Amino acid sequence: MNTKVIIKIYLLLILVCFSTFLAEAQHFSPTLKMKNNIQKEWVLEDVQKAINYCEAKTLQTLNNLGESDKSPRTIPAGETHWEAKQAGGWTSGFWAGILWYVYEGTQNDKVKQEAEKFTKTIKPILNAKVRSHDLGFIFNSSYGNAFRLTENKEYAAILKVAADSLTTLFNKNVGTILSWPAQVQSKLYAPHNTIIDNMMNLELLFVASDISGKSQYSTMAVSHADVTIKNHIRPDSTVWHVLVYDDKTGECIRKCTHQGYADNSVWARGQAWAIYGYTMCYRETGDEKYFQTAKELTAAYLKRLPADFVPYWDFDDPEIPNSVRDASAAAVVASALLELSGLDKNEPDKSYYRDAAEKMLWSLSSPAYRSGTKNDAFLLHSTGNKPKNVEVDIPIIYADYYYIEALVRLKKILETEKAG
Ligand code: GLY
């Protein structure tokens, strides 16, 4: 080989190393690059416009629901109106929650009356045997927001009953809540299972401790969060979906997925629940361990995002980029990162999380993800359970819930900043 060829190879190697370094550095750089042109900061007027868009959609849905007291869950492909369900399933509380947030963002009293009406439809769930950990999702989104905004003690009393029911699923030997009792009976995930989504339901326990002044609820929540840090998070800060534990020894005996692409893949909404859950745990306890965990989970999520900040349903689906997105995961993370940014005292991370959340919200508010005049939802392109081909690439109610929650959070942040 002559000298010229050797120099060329040498230069080529340097170029390859430098490009790899740049690509890696971008993952950890505080500058979050979106490939489309959505780069501007949100101002109050933008946020209010987005909230007003949600209000108009909400009024449209109320009109289409008529006298029905069923709660919207999905808009099936090709349809324009929500398919609504009797209270019972894990998504039951989100419609009432949306109404509370729209009321908070607009002060529309008609929407408040509807929020009160739909919140009441949730209560009968407490008369049935406890079916799952989802009591947190169901009651915190409905009664939790009702209590937060009205301070009405009747709402608090229901929250405490719901939390009492949730505590019946806590297993002391494992230190976590049993997420799916039905999957113990079916022996699919027996004898004790905990899913990462369960992190979201701990908020109901913290609320119950606040209401009752009794620490037993938050003690359980802390135990669940600690055991989940130990077993549910991989060395690269991504999360498993389902863990199966021995109910007597507490040993973790299986790690797998139920809604993700593969057992060891990164299911986007699972990662989103974890980010939101640990941010909330830090808010409730002030424990730095939860803060660090939320940040590590966030770094693992952000570095996997596509250019428009809305994840594919599973980051490891081999069909990417010809696969479906999950706008619900983007909405959950946007809301969580606004909170994480508020809790973070230090720059540049504080601005980094805010910037990421704002970009997610711009993307979700763009024609690519907004339903606009297509149907009654706020957002398109959420994915519930891809492996089972259920609720794929359609509007789903929890995406709208976390989207409006994030917008209302951002509005409050901007108002506070404006007030100086
Ligand atoms: N279990 C809640 C979810 O599907 O993310």
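Below, all heavy atoms of this structure are taken into account, side chains as well, without hydrogens, waters or symmetry copies. In this text, all values refer to a predicted model and were calculated from it rather than measured experimentally. Counting starts at 1 for both ligands and their atoms, in listed order.
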- For atom 2 (C) of ligand 1, find the nearest protein heavy atom and state the residue, atom name and distance (0.1 Å precision). D197 OD2, 3.1 Å

- Would you say W90 and ligand 1 have an N/O pair spaced under 3.5 Å apart? no

- Consider every N or O of Y398 and every N or O of ligand 1, then say whether any pair is closer than 3.5 Å. no

- Task: Measure the CG-CG distance between D134 and N140 for me, rounded to the nearest 0.5 Å.
- Result: 12.5 Å

- Query: Which bit of F137 gets closer than 4.0 Å to ligand 1, counting heavy atoms only: side chain, backbone, both or neither?
  - Reply: neither

- Looking at residues at least two apart in the chain, or sitting in another chain, which of them share a side-chain hydrogen bond (donor to acceptor under 3.5 Å, both in side chains) with Q183? S186

- ligand 1 contact on W180 by region, counting heavy-atom pairs under 4.0 Å: neither

- Message: Can you tell me how far apart CZ (F206) and CE (M280) are? Round to the nearest 0.5 Å.
- Response: 6.0 Å

- Modelled atom types, side-chain donor and acceptor of D308 and Y369, under 3.5 Å: yes

- Carboxylate-amine/guanidinium contact E391 R269, below 4.0 Å: no

- Enumerated ligand 1 atoms positioned under 4.0 Å from heavy atoms of R269: 3 (C), 4 (O), 5 (O)

- Message: If the cut-off is 4.0 Å to any non-hydrogen atom of W273, which atoms of ligand 1 fall inside it?
- Response: 2 (C), 3 (C), 5 (O)

- Compute the shortest N/O to N/O distance between W267 and ligand 1 and return yes if it is under 3.5 Å, no if not. no

- cation_pi(R370, Y53) dist<6.0 Å, angle<=45: yes

